[in-house]
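Indexing begins at 1, ligand by ligand and atom by atom, following the structure's order. Scope of the values below: all heavy atoms of this structure, side chains included, with no hydrogens, waters or symmetry mates.
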Amino acid sequence: MSKDKVYIFDTTLRDGEQVPGCKLDTKQKLVIAERLDTLGVDIIEAGFPISSPGDFNSVNEIAKVVKHATVCGLTRSVKKDIEVAAEALKHAKRPRIHTGIGTSDSHIKYKFNSTREKILERAVEAVRYAKTFVDDVEFYAEDAGRTDNEYLARVCEEVIKAGATVLNIPDTTGYCLPEEYGAKMKYLRENVKDIDKAILSCHCHNDLGLATANSISGVINGARQIECTINGIGERAGNTSLEEVVMILKQHPYLNLDTSIDSKLLYDTSLMVSEKMGMLVQPNKAIVGSNAFAHSSGIHQDGVIKKRETYEIIDPKDVGVDHSSIVLTARSGRAALAYRAKNIGYELTKVQLDVVYKQFLQFADRKKEILDKDIHQIIELANVNIESIA
Ligand code: KIV
Ligand code: ZN
């Protein structure tokens, strides 16, 4: 059975770049945009053109160089924003305007001092106006995660009538539970007239660490676009991480969902974004963290050395990492020590290994990690017959 495509909408250059300290200049943004295009993302959200002349320029330049992906610019439901975004996107092969407004009662009352009816009118007007510039108009219902489902369905229905091609249902505050977010998508699929005329999109924030789980729940329940960033960077605790959703769909084929991402480029892309933004990736980050394929406990190491799949569900090569690593610490066992010693030229007999291992533990209790140069020293100190093991 052929798989359903999930469109990958990358917002590293917009939601990701909002992170304090991560601001990029146009040149840096261009390099990342071209890499995202090669990676296979379907839509690149290049920026928020009205926010500054620099961002306008970045969107404009990105629109000129991107070959395959749709290039998208963010706006509020404000005419001037939409005009400026259209101008910034005018050279794009496939331009998209991403417009929207807050729909939760909290946003309607406190941000806009308005009413549900007036917000609905503004949403429709914004989509209609954006349609006068481009065919592809995505509407976001900001804070949809906390928006009443019945009202949200009305908004979706009206913006579809106005011509919206994609409906973004953001969990702006990262509040939803996966079941709740999935149920929201299901509700919209079942209650919005002509829902098939638009693609439902997941845009989840990670305030409770649930962004990835919510996005996956969204696509299981009928959404067909995920908005995400490289390394999960983004406002506050971040956005859904691109590498995580891509690999979840790849590793769970029975979901029958697929993306166009070339997963072998994930690790390098993560490094590139981390370096350009000056934002370190936490070592235990799924898929791209430096420890993602490192094994340090004796039990795990023994298993991985016998067969990699005993403790790894992803082949590191599939995400562009050369190999798994066996890290030597005081929790490592004999199998790991023998393996690492062999890698640098020592074939230890069982008796030799026992002696060297005792010496190793003394070192390892004093040092966080034992490196190759330490192994040479340990073997020397263990005073086992060097000739027989070289
Ligand atoms: O989180 C959010 O609601 C957003 C919208 C502007 C799409 O980033
Ligand atoms: Zn967001």
Side-chain angles (χ1 to χ4, degrees), residues 7-20 22 41-52 55 59 70-78 81-82 84-85 88 96-108 110-112 119 122-123 126-127 130 136-148 151-152 155-156 159 164-176 180-181 184-185 188 198-212 214-215 218 223 225-242 244-245:
Y7 291 89
I8 295 295
F9 175 116
D10 181 279
T11 184
T12 306
L13 298 176
R14 200 278 297 169
D15 226 336
E17 205 237 11
Q18 287 173 207
V19 174
C22 283
V41 313
D42 300 286
I43 303 103
I44 297 173
E45 187 162 53
F48 182 11
I50 197 144
S51 65
S52 75
D55 217 33
V59 176
T70 293
V71 180
C72 173
L74 185 78
T75 83
R76 294 164 297 182
S77 282
V78 171
D81 283 29
I82 295 169
V84 172
R96 176 183 293 182
I97 291 179
H98 188 192
T99 190
I101 196 160
T103 53
S104 65
D105 287 338
S106 156
H107 281 218
I108 293 173
Y110 299 112
K111 260 178 69 174
F112 301 114
I119 292 296
R122 277 188 67 182
V127 172
D136 191 1
V137 175
E138 172 167 342
F139 174 79
Y140 65 86
E142 198 183 7
D143 204 15
R146 295 186 301 172
T147 298
D148 166 57
Y151 175 63
L152 185 61
V155 174
C156 289
V159 296
T165 43
V166 182
L167 301 175
N168 179 8
I169 310 299
D171 183 21
T172 306
T173 60
Y175 179 71
C176 288
E180 195 183 354
Y181 191 72
K184 202 172 266 290
M185 290 297 181
L188 295 174
I199 292 173
L200 278 167
S201 180
C202 310
H203 179 115
C204 299
H205 280 268
N206 206 30
D207 299 67
L208 292 171
L210 291 170
T212 295
N214 283 342
S215 299
Q225 178 176 284
I226 295 180
E227 310 200 357
C228 46
T229 60
I230 301 294
N231 299 331
I233 57 163
E235 249 339 273
R236 306 182 308 280
N239 288 61
T240 301
S241 143
L242 181 147
E244 291 174 16
V245 291

Considering only non-hydrogen protein atoms, determine which one is nearest to atom 3 (O) of ligand 1 and report residue, atom name and distance to 0.1 Å.
Thr172 OG1, 2.7 Å

Any nitrogen or oxygen of Asn168 lying under 3.5 Å from a nitrogen or oxygen in ligand 1? Just yes or no.
no

Exactly one of Glu227, Arg14, His203 clears side-chain contact (heavy atoms from CB on, under 4.5 Å) with Asn239, and that residue is His203

Compare all side-chain heavy atoms of Tyr151 with those of Ile119 and state whether any distance is below 4.5 angstrom.
yes

The Zn ion (ligand 2) has as its nearest N, O or S atom from His203 the atom NE2

Does OH belonging to Tyr7 count more than 12 external heavy atoms closer than 6.0 Å?
no

The Zn ion (ligand 2) to nearest N/O/S of Glu235 less than 2.8 Å:
no

Protein heavy atom at shortest distance from atom 4 (C) of ligand 1
His203 NE2, 3.5 Å

Pull out every atom of ligand 1 sitting under 4.0 Å from any heavy atom of Asp15, numbered as shown with elements.
8 (O)

Can you sort out which atoms of ligand 1 are near Pro170, meaning under 4.0 Å from one of its heavy atoms?
2 (C), 3 (O)

Does at least one non-hydrogen atom of Glu235 fall below 4.0 angstrom from an atom of ligand 1?
no

For the Zn ion (ligand 2): the N/O/S atom of Asp15 at shortest distance
OD2

For Asp55, check salt bridge (charged side-chain N to carboxylate O under 4.0 Å, His left out) against everything at least two apart and list the hits.
Lys29

The answer for which part of Arg14 has a heavy atom under 4.0 Å from ligand 1 is side chain

So Ile82 and Ile97, do their side chains get closer than 4.5 Å, heavy atoms only?
yes

Using a distance-only test with no angle check, is there a side-chain donor-acceptor pair under 3.5 angstrom linking Thr172 and Asp143?
no

Find all atoms of ligand 1 within a distance of less than 4.0 Å from any non-hydrogen atom belonging to Glu142, and give their numbers and elements.
3 (O)

Mind checking whether Val78 and Arg122 have side chains closer than 4.5 Å, heavy atoms only?
yes

His205 heavy atoms within 4.0 Å reach ligand 1 at atoms 1 (O)

Ile101 versus Phe139: any side-chain heavy-atom pair under 4.5 Å?
yes

